[in-house]
Amino acid sequence: MKDIKEILDRFYKGETTLEEESKLRELINNNQLRITEEKGTLPSELFLEKQLFDFYESEKEIELGDDFDEKLFDKISEKKVVKLNTKVKSLIYRVSGIAAVLLVAIGFYLIFNFKENQSKELTNEDKKTIEYTLDALTMMSDYINLANEHIGKLSIIEESFEKIHNATNIEEYNDYIFNILGEES
Amino acid sequence: MKAKSILIAFIAVLATTIVLNAKDDRITKFFEKYSNIEGVTYVNFTPSPALMEGMEEKTQDKEASDMMKNISSVKILTSKKRGEDKQNKSGKNFDNIYNDALKSLPIDEFEKFLEVKEGKKDVKMLYKSSKEKAKAKEFLLIAKEGDDLSIIWVEGLVDLKDLGKLSKMMGNKGMK
């Protein structure tokens with residue numbers, strides 16, 4: 001009994017050899033110490049040890065079946081099929097469609113914006129284009145002004161004819177003409 | 001019967017589109033034909049943000065740059081007869097281009113705005129009116145002034161008053 005206690009002490013400290021552990025297991029399991037659950041015959045300090053060793057023994061008896069691995073892997077690879085209703089499905093499709101269109105639009109915007117930013121520096125060709133275009137538009141502007149000038153003169157002539165037609169005497173018309181000439185000079 | 005009507009309508013739309021494009025093509029083809037000829041300067045202005053920014057910088061006038069924002073395209077052909085060129089190839093090109101312009105450009109589709117014939121000066125300024133008052137949607141200028149030839153085509157909604165102001169603006173900025 002004393003030896004058993006000593007071995008148990010060392011067992012809990014982790015100092016026992018495999019042989020001693022085997023001997024201990026044998027002694028307790030074979031009831032050589034007459035350990036029973038009945039009070040009086042059971043040394044109370046060894047009752048817990050008996051239960052512990054019984055547990056080890058019972059766990060030892062549990063064996064995994066041959067198909068355990070297969071079952072385990074089947075469980076892992078099992079796909080969960082979630083059935084979505086058609087409304088949710090169509091919503092997902094629509095949202096995906098809008099997202100795709102937005103993505104393409106943003107892509108195009110970024111590409112063109114990048115190009116625009118890149119082309120901010122004017123080349124010599126650009127400067128020549130600006131120069132020629134402004135000259136061309138200025139030339140057209142000159143001709144528009146020339147046309148306006150002629151239209152202005154024509155309107156004076158037209159007005160003069162009207163005055164001749166309406167003048168009651170020659171002095172009245174002469175005054176009108178002198179006024180125009182005064183303005184022109 | 002219904003299918004036949006749809007087919008006829010489709011062909012009509014297609015034909016109209018082709019005819020309208022063909023008209024524009026005559027102008028484009030003319031400018032492209034002489035774009036690489038010796039003694040000729042060809043400029044094709046299509047507004048881009050960079051070019052418009054350059055224009056604004058050059059004119060430094062808000063009114064002028066606002067007017068230019070409405071222009072969608074400007075094509076320019078210029079040629080100059082120099083003393084020694086008059087009898088050679090580029091001299092011939094000068095006359096050929098002028099004669100071809102009067103023949104190939106769709107002048108009959110435009111309305112006359114101004115015509116000046118004075119000595120060696122022969123200028124035709126034509127326009128296509130728009131629905132908006134005092135605004136033209138296209139301008140065509142064929143100007144032979146002595147030894148200078150300029151053929152200019154402007155596309156875009158342009159206010160005649162605003163375009164008229166441009167020469168004063170540019171004159172004040174010291175442009176040609």
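All figures in this text were calculated on a predicted structure; none of them were measured in a lab. Chain identifiers are assigned alphabetically (A, B, ...) following the order of the sequence lines, protein sequences preceding nucleic acid strands; residue numbering begins at 1 within each chain.
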By a 4.5 Å heavy-atom criterion (distance strictly below it), what part of [X] contacts chain A: side chain, backbone, both, or neither?
| X | result |
| --- | --- |
| B:Lys75 | neither |
| B:Val158 | neither |
| B:Asn44 | backbone |
| B:Leu114 | side chain |
| B:Ala64 | neither |
| B:Ile76 | side chain |
| B:Met52 | neither |

Got more than 12 heavy atoms from elsewhere within 6.0 Å of [atom1], [X]?
| X | atom1 | result |
| --- | --- | --- |
| B:Asn36 | CG | no |
| B:Glu111 | CD | yes |
| A:Glu70 | CD | no |
| A:Asp67 | CG | yes |
| A:Tyr12 | OH | yes |
| B:Glu115 | CD | yes |

Shortest non-hydrogen contact from B:Gly54 toward A:Leu122 |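 Taking B:Gly54 first and A:Leu122 second, the nearest heavy atoms are CA-CD1, 3.9 Å.
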Minimum heavy-atom separation for B:Gly164 to A:Ser141, with atom names?
->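 For B:Gly164 and A:Ser141, the tightest heavy-atom pair comes out as O-OG, 2.9 Å.
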Is there a path of hydrophobic side-chain contacts, each under 4.5 Å between heavy atoms of I/L/V/M/F/W/Y residues, joining [Y] to [X]?
| X | Y | answer |
| --- | --- | --- |
| A:Val95 | A:Ile92 | no |
| A:Val101 | A:Leu110 | no |
| B:Ile151 | B:Val40 | yes |
| B:Ile152 | B:Leu157 | no |

Interatomic spacing from [atom1] in [X] to [atom2] in [Y] - rounded to 0.5 Å:
| X | Y | atom1 | atom2 | answer |
| --- | --- | --- | --- | --- |
| A:Asp126 | B:Leu51 | CG | CG | 5.0 Å |
| A:Tyr132 | B:Thr41 | OH | OG1 | 4.0 Å |
| A:Leu146 | B:Phe113 | CG | CZ | 9.5 Å |
| A:Met140 | B:Leu140 | CE | CG | 7.0 Å |
| A:Thr133 | B:Met55 | OG1 | CE | 4.5 Å |
| A:Asp135 | B:Ser150 | CG | OG | 9.5 Å |

Report the option among B:Met67, B:Met68, B:Glu145 that has the most heavy-atom pairs separated by less than 4.5 Å from atoms of chain A.
->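 Looking at each of B:Met67, B:Met68, B:Glu145 in turn, B:Glu145 comes out on top.
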So which of B:Val123, B:Ile71, B:Leu160, B:Asp162 has the biggest tally of heavy-atom pairs under 4.5 Å with chain A?
->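 Max contact count across the listed options: B:Val123.
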Test side chain to side chain contact (heavy atoms under 4.5 Å, CB included) on B:Met125 and A:Ile144 and set out the steps.
-> CA-CA 9 Å; B:Met125 192 169 178; A:Ile144 287 173; 3.7 Å; yes
